[in-house]
Amino acid sequence: RSIEAFPNGFFRLGEVTCEITGGATPLGAEYPESGVRFFRVQNVMQNYIDDSDMAFITERDDAELERSRLKTDDVLLTITGVSYGKAAVVPADFAGSNINQHSVRIELDQSRLHPLVLSTFLNSAVGKGLSDQNITGVTRPALDYQAIRRFRVPRFSGRFQRKVEQTVKRAQDEFAT
């Protein structure tokens, strides 16, 4: 299904974002046994966070990376490597974590687009197609921020967004048990 098939039209992702920012790996970073959670590409799955192989950074390193500190309901999107284009929403228990340079943090205007709806859309065949169309680089594929801001996102009705949110949350609850 192409994006043109959506009956309510579309908008550019940049029109409904409050902020899109990436992370970084601290210079000379050491990864302690505990500290501030540090998300890498392998932690961002399709609509969930996998914390089985979590790295940590120090509070000092986290302070240097304050702009990429995660908040509840941020959408994470992987932007480099073979795993580009995977998206997940930050749950409350991961707020305060940080990300490396291979993902971006997207803060949405939730009155226009719900984070779980965006994440689900980006993980769909149509959403993945947007990533595929905008990827640059041959040996190390990458998405740039401007391309992400230009992603065409369907105008989903409020009713449809609530239904998607309920369905995803139900699936996540089932997955957790």
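The two residues Asn100 and Phe38 have their closest heavy-atom pair at CB-CZ, 3.5 Å. The two atoms that bring Ser83 and Thr78 nearest to each other are O-OG1, 2.5 Å, heavy atoms only. For the residue pair Ala142 and Thr80, the shortest heavy atom distance occurs at CB-CG2, 3.9 Å. Scanning both residues, Leu76 and Arg105, for their nearest heavy atoms gives CD2-CA, 4.3 Å. Asn123 and Ala87 make their closest contact through ND2-O, 2.8 Å (heavy atoms, listed as atom of the first residue, atom of the second, distance). For the residue pair Gly85 and Ser131, the shortest heavy atom distance occurs at CA-OG, 3.7 Å.
Atom CG of Leu143 and atom OG of Ser103 lie 11.0 Å apart (nearest 0.5 Å). Separating the CD atom in Gln46 from the CG atom in Leu122 is a distance of 10.5 Å, to the nearest 0.5 Å. For the atom pair CZ (Arg60) and CG (Leu65), the distance works out to 11.0 Å, reported to the nearest 0.5 Å. Rounding to the nearest 0.5 angstrom, the gap separating the CD atom in Gln42 from the NE2 atom in His102 is 9.5 Å. Rounding to the nearest 0.5 Å places CG of Asp50 at 8.5 Å from NZ of Lys86.
Counting only N and O atoms by type, the side chains of Asn47 and Thr120 include a donor and acceptor under 3.5 Å apart. Under the 3.5 Å distance criterion, with hydrogens and angles disregarded, a donor-acceptor pair is assigned to the side chains of Asn98 and Asp62. Side chains of Thr21 and Arg67: a donor on one and an acceptor on the other come within 3.5 Å. Side-chain atoms of His114 and Glu165 form a donor-acceptor pair, as typed in the model, at a separation below 3.5 Å.
Contact check for Asp74 versus Arg69: no side-chain heavy atoms found under the 4.5 Å cut-off. Counting only heavy atoms from C-beta outward, the side chains of Arg150 and Leu13 never approach each other to under 4.5 Å. Glu15 is listed as a side-chain neighbour of Arg112, based on a closest heavy-atom distance under 4.5 Å. Under the 4.5 Å side-chain criterion, counting only non-hydrogen atoms from C-beta, Asp51 is in contact with Phe94. When side chains are defined from C-beta on, Phe156 does not count as touching Val164, because their heavy atoms never get closer than 4.5 Å. Using a 4.5 Å heavy-atom cutoff, the side chains of Leu113 and Gln161 are in contact.
Met45 belongs to a hydrophobic cluster whose remaining members, ordered by chain and number, are Tyr48, Phe175; membership requires side-chain heavy atoms of ILVMFWY residues under 4.5 Å apart, directly or through intermediates.
Using a cutoff of 4.0 Å between basic side-chain nitrogens and carboxylate oxygens, Asp173 and Lys169 are not scored as salt-bridged.
If you chain together hydrophobic residues whose side chains sit under 4.5 Å apart, Ile20 and Leu70 never meet in one group. Tracing side-chain contacts under 4.5 Å through hydrophobic residues (I, L, V, M, F, W, Y), one reaches Ile79 starting from Ile106; they form part of the same cluster. Taking hydrophobic clusters as Ile, Leu, Val, Met, Phe, Trp and Tyr residues chained together by side-chain heavy-atom distances below 4.5 Å, Ile99 does not share a cluster with Val104. Residue Val90 is grouped with residue Phe56 when hydrophobic side chains (ILVMFWY) are merged at heavy-atom distances under 4.5 angstrom, including chains of intermediate members. Cluster annotation: Val75 and Val16 are assigned to the same hydrophobic cluster (Ile/Leu/Val/Met/Phe/Trp/Tyr, side-chain heavy-atom contacts under 4.5 Å, transitive).
In this structure, Lys128 is positioned above the aromatic face of Tyr84, its NZ or CZ under 6.0 Å from the six-membered ring centre and within 45° of the axis. Both tests do not hold together for Arg155 against Phe10: distance to the six-membered ring centre under 6.0 Å, angle to the ring axis within 45°.
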Please assess Arg152 against Arg12 for the test side chain to side chain contact (heavy atoms under 4.5 Å, CB included), listing each intermediate value before the final yes or no. CA-CA 5 Å; Arg152 293 173 12 160; Arg12 301 287 179 186; 2.9 Å; yes
Side chain to side chain contact (heavy atoms under 4.5 Å, CB included) for Phe151 and Leu118? Distances and angles first, verdict last. CA-CA 11 Å; Phe151 279 7; Leu118 176 61; over 6 Å; no
Between Glu107 and Thr17, is the side-chain hydrogen bond (donor to acceptor under 3.5 Å, both in side chains) condition met? List the steps. CA-CA 6 Å; Glu107 183 182 348; Thr17 57; over 6 Å; no
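Distance alone, capped at 3.5 Å, places no donor-acceptor pair between the Ser119 side chain and the Leu116 backbone.
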